[in-house]
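Accompanying notes for the structure given below.
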Amino acid sequence: MQETPFCLRVEHLLLYSMSGSNTTDFTNPSTFILLGVPGLEAAHAWISIPFCAMYVIAVLGNFTILFIVKTESSLHGPMYYFLFMLAITDLVISTTIMPKMLAIYWFNSREINFSTCLTQLYFLHCFSVMESGIFVAMAFDRYVAICHPLRHSTILTNSVVAKIGLAMMLRGGMLALPFPFLVRQWPYCKTNIIPQPYCAHMAVVNLACADTRASSYYGLFVVFCVIGLDVSFISLSYTQILRVIFSLPTKDARLKTFETCISHLCAILVFYIPNLFFSLMYRFAQNVPLHFHVLIVNVYLLMPLMLNPIIYGVRTKQIRDRLLRPCTH
């Protein structure tokens, strides 16, 4: 069974048994075996091609965003500082899972040390929570810019932006911190095989032969705390934004104002909508083969990381102009 860092985990927790095995032959493996895409091992080389391409695009795109925001003084503002944070987060998530995934596909390097597995799952969940928080911060920036434009520069000062970024980092770090400690305390006697190409919280916990309700309940808490609160804040922000936009006197003014939100809206849709889709698919499509679940979930994990720099590069005029500047000389 597979999981994504957020809503899909809810389905896993509901469908998996909340109690462990009755076996008494407790052993703790020093390594786990990552299967890549179960049942499609012979096609791993071909499967690696699109994933490698997505990883390269994600790395190049996000490094480009970092370089442009850092070097272009006109982009030294709250929205672009948050975009800078988003690019760093995307780079960390992609680099956390992709090198090992490609090693499995290319070199059949399936073993992963227990401590390395815990580190991987921590960074995956930590920075996924951070990314969701950054989208909330971006929504707040759009709310202030549109609903209180004259106070935008005084409300979102560099100091406030830095404090928001630090708060998002601390929230992600603290919410993900119990995961490796919970995973480490369980005995593992069923198997050491993880049927996916990376370590994630419930994927490892499901191998334990003990009562893992503490992990299950905490996973549910993180899902509802992060997704519930973040989506609520984003929805509230855009409710106020749309109210202001529709109150503008002319159609051109409404369109021009709304265009400043399109990049952010596209990014949050790419990030949150797949969670809902996979959650429903997992609940209502029980006969879908395991390898299909693995492939789709892996695409979900990488797709936002690849698309975010493309969305902001294409939709944000300042970044687009900076990218095209060498071509105009």
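Just so it is clear, the structure is predicted and the values come from calculations on it, not from any experiment. Because only heavy atoms are used, hydrogens play no part in the values below, and waters and symmetry mates are left out as well, while side chains stay in.
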Steps toward side-chain contact (heavy atoms from CB on, under 4.5 Å) verdict (S263, V314):
CA-CA 9 Å; S263 296; V314 171; over 6 Å; no
Contacts satisfying salt bridge (charged side-chain N to carboxylate O under 4.0 Å, His left out) that involve residues 143-171 (not counting sequence neighbours) are R171-D230
Sorted by chain and residue number, the side-chain contact (heavy atoms from CB on, under 4.5 Å) partners of L269 (sequence neighbours excluded) come out as I273
List the atom pairs, with distances to 0.1 Å, where a side-chain N or O of residues 96-107 and a protein N or O form a donor-acceptor pair under 3.5 Å, not counting sequence neighbours.
from	atom 1	to	atom 2	distance (Å)
T96	OG1	V92	O	2.6
K100	NZ	S109	O	2.8
K100	NZ	S109	OG	3.3
K100	NZ	E111	O	2.6
W106	NE1	S48	OG	2.8

Note to self: So for atom OH, which belongs to Y55, do other residues, nucleotides or ligands contribute more than 12 heavy atoms lying within a distance under 6.0 Å?
What the structure shows: yes
Shared hydrophobic cluster, I241 / L236 (ILVMFWY, side-chain heavy atoms < 4.5 Å): no
Quick note, ring-ring contact (aromatic ring centres under 6.0 Å, His included) partners involving residues 234-262, not counting sequence neighbours, are Y238-H264
dist L301:CG -> I296:CD1 (nearest 0.5 Å) comes out at 11.5 Å
Interatomic distance, CD1@I227 vs CZ@F224, rounded to 0.5 Å, equals 10.5 Å
On a heavy-atom basis, the closest approach of S115 and R184 is OG-NH2, 3.7 Å
Under a side-chain separation threshold of 4.5 Å, the hydrophobic residues clustered together with V56 are L60
Checklist entry - Does the T116 side chain pair with the main chain of I112, one donor and one acceptor, at a distance under 3.5 Å? => result no
Besides I33, the hydrophobic cluster formed by Ile, Leu, Val, Met, Phe, Trp and Tyr side chains linked at under 4.5 Å, directly or via other members, contains L35, I193
Show me the side-chain donor-acceptor pairs of residues 78-89 shorter than 3.5 Å, one per line, residues at least two apart or across chains.
from	atom 1	to	atom 2	distance (Å)
Y80	OH	Q318	OE1	3.1
Y80	OH	Q318	NE2	3.3
T89	OG1	M85	O	2.9

For residues 66-82, the salt bridge (charged side-chain N to carboxylate O under 4.0 Å, His left out) pairs (sequence neighbours left out) are E72-R322, E72-R325
Tightest non-hydrogen contact, residues I65 and P309, listed as CG1-CB, 3.8 Å
How about F179 and Y122: are their ring centres within less than 6.0 Å of each other? no
Margin query: When you group the ILVMFWY residues by side-chain heavy-atom contacts below 4.5 Å and let the links chain together, are M303 and I134 in the same group?
Written below: yes
Heavy atoms of A137 and I164 approach each other most closely as CB-CG2, 3.7 Å
Chi angles and distances behind the side-chain contact (heavy atoms from CB on, under 4.5 Å) call for S132, Y272 | CA-CA 9 Å; S132 183; Y272 289 113; 2.5 Å; yes
Next on the checklist: Show, in sequence, the C-alpha distance, side-chain angles and deciding distance for Y218 and L175, and conclude whether the side-chain contact (heavy atoms from CB on, under 4.5 Å) test is met.
Outcome noted: CA-CA 9 Å; Y218 185 72; L175 284 176; 3.9 Å; yes
One should read off an interatomic distance between F123 CZ and M130 CE, to the nearest 0.5 angstrom, of 10.0 Å
In this structure, CG of L265 is separated from CZ of R142 (nearest 0.5 Å) by 10.5 Å
So if you build clusters from Ile, Leu, Val, Met, Phe, Trp, Tyr with side-chain heavy-atom gaps below 4.5 Å, do V183 and F221 land together?
yes
Contacts of C117 meeting disulfide bond (SG atoms under 2.5 Å apart) (sequence neighbours excluded), chain-then-number -> C199
Worksheet entry | Within-4.5 Å side-chain heavy-atom neighbours: T31 and F114 | no
Q.
Less than 4.5 Å apart, side chain to side chain, heavy atoms only: is that true for R110 and E41?
A. yes
Distance col, row D141:CG vs L156:CG, nearest 0.5 angstrom, shows 5.5 Å
| request: Measure the shortest side-chain to side-chain distance between I310 and I57 over non-hydrogen atoms and say whether it is less than 4.5 angstrom. | output: yes
Taking every heavy atom of P197 against every heavy atom of G36, the minimum-distance pair comes out as CD-O, 3.3 Å
Contacts satisfying disulfide (SG to SG under 2.5 Å) that involve residues 36-99 (not counting sequence neighbours) are none
Heavy-atom closest pair (G313 atom, I319 atom, distance to 0.1 Å) is CA-CG2, 3.9 Å
Residues S216 and M202: closest non-hydrogen pair is OG-CE, 4.0 Å
inquiry  = With a 4.5 Å cut-off on side-chain heavy-atom distances among I, L, V, M, F, W and Y, is there a chain of contacts connecting M138 to L166?
reply    = yes
- Query: Quick one: are N192 and L207 in side-chain contact, heavy atoms under 4.5 Å?
  - Reply: no
Are a donor atom and an acceptor atom from the side chains of W186 and T212 found within less than 3.5 Å of each other?
no
Report task. Using a 4.5 Å cut-off on heavy atoms from C-beta on, say whether the side chain of F127 contacts that of D90. Result -> no
Residues pairing under ring-ring contact (aromatic ring centres under 6.0 Å, His included) where one sits in residues 138-170, two or more places apart or in two chains, turn out to be Y143-H148
State, yes or no, whether a side-chain contact exists between V161 and T157 at a heavy-atom distance under 4.5 Å. no
_Are V136 and L170 linked, directly or through intermediate hydrophobic residues, by side-chain heavy-atom contacts shorter than 4.5 Å (ILVMFWY only)?_
yes
Requested in this report: Answer yes or no: does atom CZ of F233 have more than 12 heavy-atom neighbours from other residues, nucleotides or ligands under 6.0 Å?
Outcome: no
Distance col, row L75:CG vs T71:OG1, nearest 0.5 angstrom, shows 8.0 Å
Does either side chain, that of N308 or that of E131, offer a donor lying less than 3.5 Å from an acceptor on the other one?
yes
Contacts satisfying salt bridge (charged side-chain N to carboxylate O under 4.0 Å, His left out) that involve residues 238-248 (not counting sequence neighbours) are none
Practice task
Decide yes or no for V59 and L305: does some side-chain heavy atom of the first lie under 4.5 Å from some side-chain heavy atom of the second?
Solution key: no
### Message
Please determine whether side-chain contact (heavy atoms from CB on, under 4.5 Å) holds for the pair K256 and D252, giving the CA-CA distance in whole Å, both sets of side-chain angles, and the decisive distance to 0.1 Å.
### Response
CA-CA 6 Å; K256 186 176 180 181; D252 287 343; over 6 Å; no
**Report entry** Check: P195 and V294 side chains under 4.5 Å, non-hydrogen atoms
**Finding:** no
*Look at the side chain of S247 and the backbone N and O of V244, then say whether any donor-acceptor pair between them is shorter than 3.5 Å.*
yes
